[in-house]
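Read the structure below first, then the notes.
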Amino acid sequence: ETGVTQSPTHLIKTRGQQVTLRCSSQSGHNTVSWYQQALGQGPQFIFQYYREEENGRGNFPPRFSGLQFPNYSSELNVNALELDDSALYLCASSLAASSWFFGPGTRLTVL
Amino acid sequence: AQSVTQLDSQVPVFEEAPVELRCNYSSSVSVYLFWYVQYPNQGLQLLLKYLSGSTLVKSINGFEAEFNKSQTSFHLRKPSVHISDTAEYFCAVSHASGGSYIPTFGRGTSLIVHP
């Protein structure tokens, strides 16, 4: 059984560009959440998808959007990148509310 | 809404000494509580969790945490730390029912174990 995987591991973009981050959930997990972790901070919830529908969103602007696919893999898209978007982006998958499994993260640097 | 407070941003300790990392939460409903560990340049790994039942929960590598409902705390302890325990530790809370199951994290505590 494979765990949660994310790609790419590192990414460098410039302000105003768009980025897509990818996550492959743990086998059989139908719920995925995305978090942003700025340097020295705890993870901040961006949004959650359950069976391809967004069913929870944190305090992030609409330029942060996502998708979940039938195989439960997912994407995080960020448009019009800003310097403050530089962070580690974590994906977590779950089958039950009490167990979340995190991927290794994608380190995004915006110049 | 739920929230988590980790009072200590950094805890330095010598190897083989005991350690306690503090965590307090606020919530209007019953909760699940978690401790996650993050090693440098890695994602989060679940260390232990409280869902229900015994208020004392233990991990396989010697950590334990006790759920104290009256003090709304879930402090993490280890009687004797190793160099390899150096990492960032995050406390998290989610609603057990009637609310969001999405974990809310604290700001983290950096445990630094010195030889």
Side-chain angles (χ1 to χ4, degrees), chain A residues 2-11 21-26 29-50 54-60 66 76 87-109, chain B residues 1-10 21-25 27 29-53 57 67 74 87-112:
Chain A
T2 59
V4 179
T5 59
Q6 293 185 242
S7 63
T9 54
H10 295 86
L11 201 53
L21 311 182
R22 295 180 173 82
C23 172
S24 179
S25 300
Q26 189 152 326
H29 286 189
N30 55 20
T31 305
V32 65
S33 292
W34 285 89
Y35 285 81
Q36 180 194 67
Q37 185 181 14
L39 199 61
Q41 303 293 320
Q44 297 293 312
F45 173 67
I46 303 174
F47 46 60
Q48 175 175 285
Y49 279 80
Y50 172 68
E54 183 180 301
N55 73 338
R57 190 175 183 92
N59 189 27
F60 280 81
L76 163 65
L88 180 68
Y89 288 84
L90 297 166
C91 165
S93 73
S94 173
L95 185 60
S98 60
S99 293
W100 289 92
F101 295 86
F102 282 80
T106 293
R107 174 75 62 188
L108 172 64
T109 302
Chain B
Q2 60 211 28
S3 66
V4 175
T5 302
Q6 292 184 247
L7 295 167
D8 306 301
S9 60
Q10 233 180 48
L21 307 184
R22 296 180 291 170
C23 171
N24 289 89
Y25 70 92
S27 175
V29 299
S30 58
V31 297
Y32 293 151
L33 292 157
F34 309 85
W35 276 99
Y36 284 85
V37 59
Q38 185 176 38
Y39 298 101
N41 301 312
Q42 294 188 25
L44 302 177
Q45 299 174 31
L46 180 65
L47 192 58
L48 47 75
K49 61 184 177 182
Y50 168 79
L51 304 181
S52 64
V57 291
F67 170 54
F74 191 56
E88 194 79 17
Y89 291 80
F90 293 95
C91 181
V93 62
S94 69
H95 288 164
S97 63
S100 171
Y101 296 113
I102 299 164
T104 298
F105 287 85
R107 295 169 60 102
T109 297
S110 179
L111 175 62
I112 303 168

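By convention in this document, chain letters (A, B, ...) are assigned in the order of the sequence lines, proteins followed by strands, and residues within each chain are numbered from 1. All figures in this text were calculated on a predicted structure; none of them were measured in a lab.
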Side chain, backbone, both or neither of B:Gln45 within contact of chain A (heavy atoms, under 4.5 Å):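 For B:Gln45, neither part sits under 4.5 Å from chain A.
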B:Leu51 versus chain A, the contacting section by heavy-atom distance below 4.5 Å: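 Side chain only.
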A:Gln37, part contacting chain B, at a heavy-atom distance under 4.5 Å: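 For A:Gln37, the side chain is the part near chain B, not the backbone.
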Toward chain B, the part of A:Phe101 with a non-hydrogen atom under 4.5 Å: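 For A:Phe101, neither part sits under 4.5 Å from chain B.
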Test item: side-chain donor near acceptor, A:Ser33 and A:Gln48, under 3.5 Å: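 A donor-acceptor contact under 3.5 Å links the two side chains.
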Between B:Ser110 and B:Gln10: side-chain donor-acceptor atoms closer than 3.5 Å: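 Note: B:Ser110 and B:Gln10 side chains miss the donor-acceptor criterion.
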Residue pair A:Trp100 / B:Tyr36: nearest heavy atoms and the distance that separates them: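 Heavy atoms of A:Trp100 and B:Tyr36 come nearest at O-OH, 3.4 Å.
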Side-chain donor or acceptor of B:Ser27 paired with backbone N/O of B:Val29 under 3.5 Å: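 Yes, because the side chain of B:Ser27 sits within donor-acceptor range (under 3.5 Å) of the backbone of B:Val29.
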